[in-house]
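Okay, so here's the structure we're looking at.
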Amino acid sequence: MGSLIILSLLCSLLAMTISAPVHLTLQTEFPQHVELAKSLTKKLLSEIPTVHQSCIANEGLSLESTAEVKNLEYLTAVLAIPASPRLSPISDTYTLEMSLNHITEGLQLHQHLIQEVKEKLKCAEKLTTLQADLRDLSAQVNKVQQQAHITPSEPQIQSSSLSSRLTGDYEVQVATHLVLQQLQSFGQDVFRSLRHIHTLSSISQ
Amino acid sequence: MNEMRLLKLIFGCLADINIMKLHWLPVRVMLWSTMCSFTANVKASPCAEIRTLSAVVLSGSPVTASCYIKEDCPLTKRADFRVEWPYKANLSYASVTSHEERVYQILISNLTNMIAMLECAICIHEDCNVVAGMEIKAAYPPPAPRDLTCGLNLTEQYSLLCTWDPGQETSIPTTYKLHTEIRDSAQKFVYIPPPGKHFFRIPRVGFALFNDVQVQVVAENALGRATSEPLVLDPMETAKLDPPEIQTVTAETYECLGLSWSLSKAQKWITRTLHVEIRMKPMSNKVLNREHIISKKSKSGKTVQTCKLLHGMMYQSEMRVRYNSSPWSEWSRPSVATTRMKAPTGRLVTWLKLLGQPANRQYEAELLWKPSLQFRANSMNVSYVVSFVRPPGRKEELCITDQQHCSFSIPVDIKRIHLTAVNTAGKSSPTDVTVYKWKGRDRAINLKAFPVSEESIFTNWSSPKSSAISAYVLEWKALHEGIFTTVSFEIVNKNQSALVFPGLEPYKPYNFSIYPKYKDVIGQPSSVVAYTKEKAPLESPDLKIGDLRPSSIELLWDELPLQKRNGNITSYTVFYWDKKNKTGEAKVTERRVVLKDLSPYSVYSVQLMTSTNGGSVNGSVISVMTPYVDAIEIVLIVIPACVGLALLFLTGITCFSNDKCLKKCLWPMIPDPANSSIKKWTLTDSMQDIPPLKEVKDPVPVHLSHFSLLSLSETELWKGNTPISEYPHCGKWTYTGKSVDEEHSDSSRDSGIYNSGSQSESVPYATVVFANPYRTQPAAPPAYLRSESTQPLLAEEEPSSPQPYEQMATQGTVYGADHFSAVQEDLRREEENESHWVDFPMLQSLEINDINNQG
């Protein structure tokens, strides 16, 4: 029994040893593009509060974590804003390719969502700038994918039909708030992911 | 205008009708109404129309223009009308036959004018009316825009400002379009700037960050379009970042400072490594290479290490950043920090001077020093200790200072002193300074100084050939700084004979001195004052009036302070002029001048000009008035002069009026032996007839040893030197009275006058032969001279002259009253008389009588 346990542990250790390192076949400019993507993510995150302040007039809707959180579960359900992809640290189960594809999908999703709420808001200029940041970040992630020899996933036509559910100004405000809030959270996950990828690329190189 | 001519034509036709039917009033009314309606039609519908393929044509290309005459044109009612294109001076064209009726064409083969006005006219005989016109423009297609540049503005509203040069302006409107294309996303945008503007601010959507964007400008007008060279850029590489912020500066290791920095708040999202430049500036004037810039690569929020700094030095740090090849940001706000300190190291260069001679066995000395190339103070604040060791090893401090010079007293027996640099981290190894005494006698070295530029002076000197000089010490100081001036020095090799002093200020005086340094002594210095550049003095001294006279003015002025001289004062020039514009000038080098030959009681304007080698400056003009001629002065001059003249005049009158007196003065009475008789006289009687001659009043010690009335031949008189030398006074009685000794001038004058009267044809008949004073009189035989003349002794004009005898007697009396011993003199005279008077009976009797009288 003891020998079996020891044997099984050795096998597990061997498996872990084999699977643990993330083998990246990277080009030399890979870290630079990851770094630029990080910069753009940071810029995106720094822009979101400014855009929120410009577009959301309702004082009860705030991005600050300390602010009183309204119970918007009902409206969230009614508006049915699509959730962003879930990002995780790179591992053997969650590969670099998956991570980068999820990042790309999430960025595209939010570009569409912002486009939908932008048409119903007066702060179009700010949202356009945010869209440009999302576009540039997405382009930079694509470059990272190219450097990692990853075929970018086909952009999925996401028809959320959010605009059809924005029946009033309040709904527009809430929807915009929820989209920006979701984007902020997703952007933070993207930054963490990119930082992790950058670290791995530095180790591998 | 054309309408007016048309109306005129119509009115002309109607006039003919009116003449025919003038008396038909109803018809006239109808015609008037018809005329008015026709005129209105003409205005509403022109007769012709000019057509071309385009109103804008390529410059230099041919143009065909057609004039279409409308059917209803009233000007073409008459059959003999023709269509013409009025001549344009600057337009050459030719008519082209048209196949269409009522169409008249011309061809302009080469339209080069920017704007051409074509006109079509209908002519009847010589009367032409322009019926249509058209403007044609000749132009070029737009040139391709050049010098397209873009710059990213990273302010709140990110934008990419692109500018271009449109090239040569065309005469027709040109539009510009800015095309952008984001390379990877293939997104394209087109922007149209406002007319006349050759720049455009592309909004954030139109470009990407960290991605290449292609920008192009397309210019387009009626004749074509042109596209600029495409500009491909990463907008971030054109952005001028905000000045970074230095957050902390730390000194963790020797010679290094760590600068923790970050980008501005709005640009902190840029996490990529940036190019960084750090400007380090020591906060000490003592450091020569003061500023240096260090280039690094760093990320915002990181720490940059700057090393190879001086120990214990306070540095002012500034930083600027850029992204790849983008423009540098402005420098950050400075931050100050001090590197870690160490004890001073290295040696000091010293120059010790003994000031004068020792007093109380102590020398007054001054020590100057400066860091050698190897010296490192290793701290901002370093002090220096001058000391010497007195046997048996007792150290005495002479001075402690933070300056680089020190004055103190040292005992005369001390041969060596020590200089040590000290800071809070420790002290340097001492620098030994040998005490050199002054060399007693030394040949001064000829030091010369010449300006090289506004900031430097070249000095050279000649070294003595047989000199044992081991080195030279050159010392210089700025004289204009007064007592606070810092003395600098340089020790140069003995073979060196020139040195350039940089870092000087123009128009300031500097004193340069050179000291020859021998093996164990210092030679005498040679000094020179020089300027790097001279210019006119800052001002001219104020004039002061000294002695003021009717015809002269004395002017004085103070020395100009060194700070105001701007050069060596070469001369002072005083200009003066009066109200009649009579001018004059006086150029002097001293600070005083006397203006002469001035008019009394006149106002003179005076101005002083001070000159250096670099120019001159005029002082203020002052007015001076010369005084009247002073009455007291006149009196003081004139009255004594008048009195003197009057006295002279009176004296002259008196003398000339009394002829006898004058004669007595000028021609003394000489006795005539032929008419002489022996007579006894008394002193008082004789005195009455003798003129008051000076020799009588003033007794002169005449040492008569013999008196003779005999004449002596001239040859005998001058024969031999021995008698004359033995009786030196005899010579004084000879021909000229000029050689007569002063003390015998009276007697000699008598003889001289006599000789001059007799001249060469007569010889003196009598001579008084002198002997030396009795004390020096040797016992030599007395020499007397005998007159061998056969001529009368006196001229006719002196028929009776007994007075000379009397004079002789008087002289003898006077002589007898002299201080000498009368007894001895008389005894000796008696002996001599007895031996000689034998040959002169008459005189012997005279002598006898005299003796009797005395007895």
Side-chain angles (χ1 to χ4, degrees), chain A residues 29-51 53-54 104 107-108 111 114-115 118 123-147 152 155 187-188 190-192 194-195 197-199 202, chain B residues 152-160 180-189 191 201-214 232-239 241-242 262-275 297-302 321-326:
Chain A
E29 294 182 356
F30 180 84
Q32 295 175 21
H33 286 291
V34 175
E35 189 66 50
L36 293 177
K38 275 172 62 186
S39 289
L40 288 169
T41 308
K42 210 169 178 181
K43 181 177 188 305
L44 179 74
L45 291 170
S46 67
E47 292 283 349
I48 290 171
T50 311
V51 175
Q53 191 176 5
S54 301
T104 306
L107 295 174
Q108 287 173 356
Q111 275 186 280
I114 289 171
Q115 181 63 32
K118 188 175 81 172
C123 58
E125 191 181 349
K126 293 283 183 186
L127 288 169
T128 303
T129 303
L130 203 60
Q131 278 183 298
D133 288 338
L134 286 167
R135 177 199 65 196
D136 293 346
L137 177 56
S138 183
Q140 205 60 238
V141 172
N142 282 341
K143 284 185 180 177
V144 173
Q145 287 176 315
Q146 288 170 12
Q147 294 289 316
Q188 288 167 350
V190 168
F191 188 82
R192 291 189 194 102
L194 291 172
R195 188 171 59 192
I197 292 168
H198 188 263
T199 307
S202 301
Chain B
L152 178 61
N153 182 13
L154 287 177
T155 54
E156 190 178 353
Q157 293 291 325
Y158 284 26
S159 61
L160 187 66
T180 65
E181 179 183 353
I182 299 171
R183 279 288 176 86
D184 291 334
S185 64
Q187 281 185 295
K188 294 182 180 179
F189 302 90
Y191 301 98
R201 203 175 288 278
I202 301 169
R204 174 71 182 89
V205 181
F207 62 92
L209 299 176
F210 304 124
N211 208 341
D212 284 346
V213 178
Q214 179 176 302
V232 179
L233 72 156
D234 175 1
M236 278 301 292
E237 294 190 359
T238 66
L241 300 175
D242 292 342
S262 71
L263 288 167
S264 66
K265 187 179 178 184
Q267 295 170 1
K268 276 185 179 174
W269 58 269
I270 302 171
T271 58
R272 193 176 175 186
T273 304
L274 301 172
H275 292 278
K297 281 187 174 181
S298 178
K299 288 182 180 180
S300 176
K302 301 288 183 184
V321 294
R322 71 173 181 179
Y323 178 83
N324 287 349
S325 59
S326 72

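Here is the naming used below: chain letters follow the sequence lines, and residue numbers restart at 1 for every chain. Heavy atoms only: backbone and side chains are in, while hydrogens, waters and symmetry mates are out.
- Summarising the local packing, CD of Gln115(A) is surrounded by more than 12 heavy atoms from other residues, nucleotides or ligands at distances under 6.0 Å.
- Heavy atoms only, all atoms of each residue included: Tyr158(B) and Lys43(A) are closest at CE2-CE, 3.1 Å.
- Rounding to the nearest 0.5 Å places CH2 of Trp269(B) at 6.5 Å from CG of Leu40(A).
- A 6.0 Å sphere centred on CD of Gln32(A) holds more than 12 heavy atoms belonging to other residues, nucleotides or ligands.
- By the 6.0 Å contact criterion, NZ on Lys299(B) is enclosed, its count of non-hydrogen atoms from other residues, nucleotides or ligands being greater than 12.
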task: With salt bridge (charged side-chain N to carboxylate O under 4.0 Å, His left out) as the test, would you mind laying out the steps for Arg204(B) and Glu47(A) before giving the verdict?
output: CA-CA 13 Å; Arg204(B) 174 71 182 89; Glu47(A) 292 283 349; over 6 Å; no
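- Taken from NZ in Lys265(B) to OG in Ser46(A), the straight-line distance is 10.5 Å, to the nearest 0.5 Å.
- Using a 4.5 Å cut-off between heavy atoms, Gln267(B) does not touch chain A at all.
- Every residue was checked against the salt bridge (Lys or Arg N to Asp or Glu O under 4.0 Å) condition with Arg272(B), not counting sequence neighbours, and none meets it.
- For chain B, the option among Asp133(A), Leu44(A), Leu45(A), Leu137(A) with the highest count of heavy-atom pairs below 4.5 Å is Asp133(A).
- Neither the backbone nor the side chain of Asn142(A) comes within less than 4.5 Å of any heavy atom in chain B.
- Within the 4.5 Å cutoff, no side-chain heavy atoms of Gln140(A) are placed close to those of Leu209(B).
- Atom CD of Glu35(A) sits about 9.0 Å away from atom CZ of Phe210(B), to the nearest 0.5 Å.
- Side-chain atoms of Val205(B) and Gln131(A), non-hydrogen and from C-beta on, never get closer than 4.5 Å to each other.
- Here the CD1-CG distance, from Ile270(B) to Leu36(A), works out to 10.5 Å after rounding to the nearest 0.5 Å.
- Among all heavy-atom pairs drawn from Asp136(A) and Phe207(B), the shortest one is OD2-O, 4.1 Å.
- Distance check: Ser39(A) OG to Met236(B) CE gives 7.5 Å after rounding to the nearest 0.5 Å.
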